[in-house]
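Numbering of residues begins at 1 and proceeds along the displayed sequence.
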Amino acid sequence: MPVALARPTRTVALTAALALGLAACGSSDSSNSSSTSNGSSAFTSGAAAQATGPVTVKDAQGRSVKVAANPGKVVVLDWSVARSLTQLGVPIAALPKASGELPADMAALKSVKTVGTLFEPDYEAIAELEPDLIIIGGRSGNAKVLKEMTKISPNVIDMSVREDDATKHLSAVSDQYKTLASIWGKSSQADTHLASMNKAIGDVRTKATKAGGTTMFVQVSGSKVGAYGPGSRFGTVWTDFGFKPVNAPLKSDGGHGDEINQEFFLKYNPSRVLVLDRSRTIGESAKPALDVLNSGLVNKTDAAKNKKISTVDGFSWYLAIDTPLSYIAAANDLAKVL
């Protein structure tokens, strides 16, 4: 008899994640800002925190760029940066077109002007805006895009988080967030948000250590299933959150993991399984990830028997992991299988 698999919804995951992430918003910045309906701090007329001078940013392409304080018209071509700025209460003038659903905390960005996609920015539309600052990163953070953007404005920074050492990636995320905050004089607020993130991660790590067992992370794309291990793009599960991996020979590189079959699950018999539904995340029509996994062999694993197979929030894990609210959402997802 098939074992029922847990099907947590995106709404529940993000609501809980935001509750964790914004619980500490009564910081010293509260006198300088007002709270929006999604919990982010928003500018008020004349009273908002302001940077007092230009900030020199060492970006992901090794450039030292002097950025004017409090740039007003900002074009952002990376979802992690967009989520960070939204949480910090910084207005965004233009974004790439979203391929899937934006999370609740970024709902206000649905009305923001779109300028192409992550992979193909609309340079002409960006130039027409005459932005004060252009921020690229992640999928748009490459030399080709940078070269084209500098033709539009010298005020371009690449805020990708690139850290080959998995044990240092979270620290790099924190540094990037602090740098962004410093441009708008939001350092105190950033410290509060990072403290909330670190607490959420620490709480899950403590529970994961006590829980024992092994954990597998898989991505389902259409009918294909890819498994990831420590050192991969989802290595935070084991490196930062303290879960124990299955004893499987999984490579640490590659965007889609090691393609596996149903027998793989039974062979390594994980105690819990986290599932990323890539098709849903990028707005493709496909069979739901849990339905793909709902087979006789998978249902024989300890994870299925104990209802410890759960989907994760695709936006946070796949499109915008390098920002505090996404790590908090990740902590919420992982806590569900403990």
Side-chain angles (χ1 to χ4, degrees), residues 8-15 17-18 21 38 40 60 74-88 92 94-110 112 114-122 135-142 145 158-163 169-170 172-173 176-177 180 197 217-222 224 226 228 232-237 240 254-257 274-286 288-289 310-334:
T9 65
R10 182 189 199 91
T11 301
V12 172
L14 285 172
T15 299
L18 290 172
N38 65 20
S40 298
V74 185
V75 172
V76 177
L77 296 175
D78 176 69
W79 289 115
S80 291
V81 172
R83 195 172 208 179
S84 291
L85 295 187
T86 301
Q87 187 184 25
L88 290 167
I92 297 173
L95 288 163
K97 182 180 179 181
S99 56
E101 181 184 354
L102 291 177
D105 58 288
M106 299 174 73
L109 298 183
K110 293 178 181 179
V112 170
T114 57
V115 284
T117 68
L118 291 174
F119 298 99
E120 296 184 5
D122 186 336
I135 305 178
I136 61 176
R139 292 163 175 81
S140 67
N142 57 69
V145 172
D158 182 352
M159 295 306 290
S160 304
V161 176
R162 298 194 181 104
E163 176 52 68
H169 189 89
L170 185 60
V173 170
Q176 182 235 49
Y177 192 70
L180 287 170
M197 177 190 75
F217 192 104
V218 299
Q219 173 180 284
V220 177
S221 184
K224 295 181 179 180
Y228 295 81
S232 69
R233 66 184 300 172
F234 302 115
T236 186
V237 173
D240 301 310
H256 298 287
L274 281 305
V275 183
L276 170 66
D277 191 332
R278 179 178 176 275
S279 297
R280 180 185 176 188
T281 299
I282 62 176
E284 291 182 348
S285 178
S310 180
T311 53
V312 300
D313 170 48
F315 183 88
S316 297
W317 285 87
Y318 189 74
L319 297 177
I321 188 60
D322 295 325
T323 181
L325 278 180
S326 291
Y327 269 93
I328 290 172
N332 183 64
D333 287 335
L334 292 166

Of the non-hydrogen atoms in [X] and [Y], which two are nearest, and what is the gap between them?
X	Y	value
Pro324	Met197	CA-SD, 3.6 Å
Thr281	Phe315	CG2-N, 4.1 Å
Val312	Leu274	CG1-CD1, 3.6 Å
Gly222	Ser279	N-OG, 3.0 Å
Trp79	Pro96	CZ2-O, 3.5 Å
Gly141	Ser160	CA-OG, 3.8 Å

Trace of the side-chain contact (heavy atoms from CB on, under 4.5 Å) decision for Val218 with Tyr228: CA-CA 6 Å; Val218 299; Tyr228 295 81; 5.9 Å; no
Step-by-step side-chain contact (heavy atoms from CB on, under 4.5 Å) determination, Asp105 to Arg83: CA-CA 8 Å; Asp105 58 288; Arg83 195 172 208 179; 2.8 Å; yes
Enclosure of Glu284 CD (heavy-atom neighbours >12, cutoff 6.0 Å):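 Check passes, neighbour count above 12.
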Would the distance check show the side chain of [X] and the main-chain N or O of [Y] forming a donor-acceptor pair, the cut-off being under 3.5 Å?
X	Y	result
Ser326	Asp322	no
Asp313	Asp333	no
Gln176	Met159	yes
Ser316	Ala329	no

Any Leu88 side-chain heavy atom under 4.5 Å of Tyr177 side chain: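 The answer is yes; the side chains approach within 4.5 Å.
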Validation row: Ile92, Val74 side chains within 4.5 angstrom (heavy atoms): no
Distance check, rounded to the nearest 0.5 Å: [X] atom [atom1] versus [Y] atom [atom2]?
X	Y	atom1	atom2	value
Gln87	Ile328	CD	CD1	6.5 Å
Leu319	Leu102	CG	CG	9.0 Å
Thr236	His169	OG1	NE2	7.5 Å
Leu109	Thr114	CG	OG1	12.0 Å
Asp158	Asp78	CG	CG	8.5 Å
Thr86	Leu325	OG1	CG	9.5 Å

Face-on cation placement of Arg139 at Tyr318 ring, 6.0 Å and 45° thresholds: yes
Worked check of side-chain contact (heavy atoms from CB on, under 4.5 Å) between Leu77 and Val115: CA-CA 9 Å; Leu77 296 175; Val115 284; 4.1 Å; yes
